[in-house]
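Here the structure is laid out as C-alpha cells; the discussion comes afterwards.
Note: hydrogens, waters and symmetry copies are ignored here, and every other heavy atom, side chains too, is used. Letters A, B, ... are given to chains in the order of the sequence lines, protein chains preceding strands, and every chain is numbered from 1.
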Number of protein chains: 2
Amino acid sequence: MPKINTNFNNRTVEYEQLLSDFKLLLKKNNLKFTIQREVILETLYNSDEHLTPEALHHLIQKKEPDLKTGIATVYRTLALLEESDVVTSLSFGAQGKKYELGAKEHHDHLICTECGKITEFVDEEIEKRQHVITDELGFAMSDHSMQIYGICAACQKKLKIEGK
Amino acid sequence: MPKINTNFNNRTVEYEQLLSDFKLLLKKNNLKFTIQREVILETLYNSDEHLTPEALHHLIQKKEPDLKTGIATVYRTLALLEESDVVTSLSFGAQGKKYELGAKEHHDHLICTECGKITEFVDEEIEKRQHVITDELGFAMSDHSMQIYGICAACQKKLKIEGK
DNA sequence: GTCGCTGCAAAGTCTTTGCAGAGAG
DNA sequence: CTCTCTGCAAAGACTTTGCAGCGAC
C-alpha cells in the first residue's frame, strides 16, 4: 500500500471537521468511504477512553448490529487510521494496543493506584524538555506518553481516616 | 553453574546481590532455585538491551546449549520475575513485550517505531517537574513511566536513502 | 521422598491474510 | 463497470497450559 497522504494535525477538532478531513484523505489516496469506516471513526470520536480493537468492535456491534462489522475490518481500519496519523496507538503496560483519536489534545496521565482514577495534565516544561532531549539525539519524536502512578489526594485522606 | 560476572559497570546492583535477593525471594515463596532460573537472571543481567522473551531464549540456548531450556520456562520465569518486581516489561508499538532488569537506575525510554530500538535517558528537569506537579495536586507519587516514540537517527537516514 | 519445575506439544489469544462476493465511485 | 472493501475463515505470531518425568531440598 502506498504511503498515505494526510492533512491532519494535533488540534482538537469537531466531528464534522474530522469526518470531512477523513473523506478528503480517502479521496486523495483513491480509497473508498464506507459505512464501516465511518462508524469506526465515529465510535472512536465518541469514546473518551483508549480502546482496544476488540472493545471498539464490541461498541460497534452494539451500536450498529445490522452491519455485522468484522473484527478484521476494525483492525484494517485502525491500521489505516494510524498510518494516516488520525489515531494513535499506545501500549499501556499489560496487554494489547489501545487506540485513541490523535486529533484530541495531547495530555499525560496521573493514575491513582487506589481508586483507579485517571487525571489528565499537560506541563509545558516537560514538553519542552522532551524536545530538547530528542533534538539532541537526532530523534524524530512522533508521540510520547507519560504516566505517573501514586495515590490521589482523596484516597490519601480516605486511607488516613481508615487508619491504614 | 554459570560464572559470576564481575565486570565493572554503573549498575546500581551487583549481580551477587541480585542473585542472593532472588534466592531469598524464592525461599520466601517456597519456590525452587533452578539452573534455568539462574541462567535467565544472569542473561538478563549481562544484557545491555531490552530483550524479548524470544531473544532471551536464543541467548540462553547459545550460552548453555546443553540445558535445552524451553521457551515456556523463559516465559514462566519472566512472569515470576516481573511479579516480583525484579524485571520490568515494556510494550512498544508493534508487537510483543520487552524485558529489562528493574534493579537498574531509574530511566525513561526513547522508542524507535521503525526498528524497535529502545534508548534510555534520565532528565533531571523532568524528574523535578513531576514532583512539582504531584505536590501541587497533593498526589503521592510512587512511580512513573515515560516513553517517547519516534524514529531514531539511524532509521531516519535509512528511510531517506530508500526514498520514502 | 515430596512437591515444585521443566520440556514438549497442544491449546489459547490476538492479529493478519486470502478469497469471492458486495458495494462505492 | 471497475476496483476497493468487506466478512468469513484459515493462517500466523506470540503466549500459556496440561502432563509426565525430573530434580531441588
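Look at CG on B:L78: it is 12 Å from P on C:dT6, rounded to the nearest Å. Per the geometry, CG belonging to B:L26 stands 15 Å off C1' belonging to C:dC3, to the nearest Å. Computed from coordinates, the A:D66 CG to D:dG7 P distance equals 13 Å when rounded to whole Å. For A:Q61 and D:dG7, the CD to P distance is 10 Å, given to the nearest whole Å. Computed from coordinates, the B:L67 CG to C:dC8 C1' distance equals 16 Å when rounded to whole Å. In this entry the distance linking CG of A:N29 with P of C:dG25 reads 14 Å, nearest Å. Nucleotide D:dT6 holds its P atom 11 Å from the CD1 atom of A:I60, rounded to whole Å. The nearest whole Å value for the distance from the NZ atom in A:K68 to the P atom in C:dA22 is 15 Å.
To the nearest 0.5 Å, the span separating CG on B:L44 from NE2 on B:H50 amounts to 11.0 Å. Between B:E100 atom CD and B:K98 atom NZ the span is 11.0 Å, to the nearest 0.5 Å. In this structure, OG1 on A:T34 lies 7.5 Å from CD1 on A:I40, to the nearest 0.5 angstrom.
For the 3.5 Å distance criterion, the side chains of B:H144 and B:Q130 qualify, holding a donor opposite an acceptor.
Judged by closest nucleotide on DNA chain C, B:N30 is the one of B:N30 and B:V74 placed further toward the 5' end.
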Go along nucleotides 18-25 of chain D 5' to 3' and tag each nucleotide: B for a protein heavy atom under 4.0 Å from its base, S when only backbone or sugar atoms are that close, - otherwise. B----BBS
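With respect to B:E82 and B:K97, a salt bridge is recorded, a charged nitrogen being found less than 4.0 Å from a carboxylate O.
Here C:dC5 is the nucleotide among C:dC5, C:dC14, D:dT6 with the atom lying nearest to any side-chain atom of B:R37.
A 4.5 Å side-chain heavy-atom check between A:I126 and B:I133 finds at least one atom pair inside the cut-off.
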